[in-house]
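Chain letters run A, B, ... following the sequence lines, proteins first, then strands; residues in each count from 1.
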There are 2 protein chains.
Amino acid sequence: MGITRKQEIIQIASRLFKERGYSAVSMRDIAQALDIKAASLYNHISGKQEILATLIIEVGEEFTSQMSQVMTASLNPIEKIEKVIEMHIDVTVNFPDNIATLNNDWMHLEGIALNRVVKMREDYEENFRKIIKLGISEGNIKSQHPEVILFSILSTLRTLYLWNEKRGKMDVNVLKKDMVSVLINGII
Amino acid sequence: MGITRKQEIIQIASRLFKERGYSAVSMRDIAQALDIKAASLYNHISGKQEILATLIIEVGEEFTSQMSQVMTASLNPIEKIEKVIEMHIDVTVNFPDNIATLNNDWMHLEGIALNRVVKMREDYEENFRKIIKLGISEGNIKSQHPEVILFSILSTLRTLYLWNEKRGKMDVNVLKKDMVSVLINGII
DNA sequence: GTCTATACCTAGATAGAC
DNA sequence: GTCTATCTAGGTATAGAC
């Protein structure tokens, strides 16, 4: 009961999309990496768009579900941010290629898949923003532009996937501890 | 004495590359945005590769030159990091489209242009790493994995270009002050 | 489930008229 | 400096044999 051929195609494709981007990878490239001909791919997927939509929505739903767990947990804002950072590191370790494609190629989605993903992203940001604003109003977070805080943390987390060579040598739990420390307490 | 047709082509192209990525933008797209035919582009540039190389190297050299000024300035490590943050915000304001392409499409460069850009990037990171390590050894920066600090700050700075809608409403000097504060002192 | 063959389209780029 | 016309290569996708 290994993975299906469809999952295999999506896995290989996401690795190629990460390296070269969706538009620069052809169906022939994907097929070649699987040692089959391009035409054979169409027995398992409807087209290139389906590959893109599947792998982006897979990781998008993971983020959505994890974020909603954080939102309903009984933690203070700082603790929630810590959880979000740790969660983001876990998802990056589990779906590094999907995240690259989500970040860089979401705009090549077509139809309702595009709308879904844009909405997921907005909801995710809005939840994060709520945590930060609550922390500011409670006096636990510096009274700074919440957008600057949101952007700084989120852009670091979103590009974690680029950091695999160095992270590979580092224990995930050490990385979490250090990341939380740097992003919350600063570097001084 | 306005800009040349070549500069105009590169300007339009960089905006399109930012929005859709290098591979998804055709020479016909670029031509259409200039209200001419694709064949006419070749009177001003040798091909699509030249457009890519020109706009990436332009901003790459800007970063390189600005970073070397910071390195030779008589400032302590924390002050140097502040300067790098401020510098990065300035370059982002001046070259937002070039930075998007540098970040996302550098791997589509061919020949020696690719080597040059990869080296520029490595040198830039290495300079930043030196500042952080010196700060740690002098006791002004937290004794944490320097790579985590480097990565956190750099990934925030590199994706600043994505943040144009909100930044547009914010004064550049306020943004610099807040960014320095968040990245150096944290959010608490 | 994979193949060959192919349809149809769009890509980057060039030639030569104006 | 821009045009039309065109070349060649490569793209996504389908039909039908095995």
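- We find that CD of B:Glu110 is positioned 12 Å from P of C:dG12, with the value rounded to whole Å.
- Between A:Ser40 and the phosphate of C:dC3, there is a side-chain N or O to OP1/OP2 separation shorter than 4.0 Å.
- No side-chain N or O of B:Thr101 forms a donor-acceptor pair with one of B:Asn98 less than 3.5 Å apart.
- One atom, CG of B:Leu52, and another, C1' of C:dG12, lie 14 Å apart when rounded to the nearest Å.
- Along DNA chain C, the nucleotide closest to A:Arg5 and the one closest to B:Gln49 are compared, and the more 5′ of them pairs with A:Arg5.
- The distance between atom CG of B:Leu41 and atom C1' of C:dA11, rounded to the nearest whole Å, is 14 Å.
- Under 3.5 Å, the side chain of A:Arg28 and the base of D:dG10 form no donor-acceptor pair of N or O atoms.
- Contact check on A:Lys48 versus A:Glu110 returns no salt bridge, with no Lys/Arg side-chain nitrogen under 4.0 Å from an Asp/Glu carboxylate oxygen.
- For the OP1/OP2 pair of C:dC3 and a distance below 4.0 Å, the side-chain nitrogens and oxygens of A:Lys37 include no atom meeting the criterion.
- Distance CD (B:Gln32) to P (C:dT10): 13 Å, rounded to an integer number of Å.
- As rounded to whole Å, 13 Å separates atom C1' of D:dG1 from atom CD of B:Glu8.
- As a whole-Å value, the separation of A:Met27 CE from D:dA13 P is 6 Å.
- Using a 4.0 Å cut-off between charged side-chain N and carboxylate O, A:Arg5 and A:Glu8 make a salt bridge.
- The side chain of B:Ser26 contributes an N or O atom lying less than 4.0 Å from OP1 or OP2 of C:dA11.
- Contact check, B:Tyr42 against C:dA13: a side-chain N or O comes under 4.0 Å of OP1 or OP2.
- Following rounding to the nearest Å, B:Lys48 (NZ) and C:dT10 (C1') show an atom-to-atom distance of 12 Å.
- Going from atom CD1 of A:Ile30 over to atom P of D:dT12 covers 7 Å, rounded to whole Å.
- B:Ser46 pairs with exactly one of B:Glu50, B:His44, B:Gln49 by the side chain to side chain donor-acceptor pair (under 3.5 Å) rule, that one being B:Glu50.
- Electrostatic pairing of A:Glu126 and A:Arg129 counts as a salt bridge here, judged by a charged N lying under 4.0 Å from a carboxylate O.
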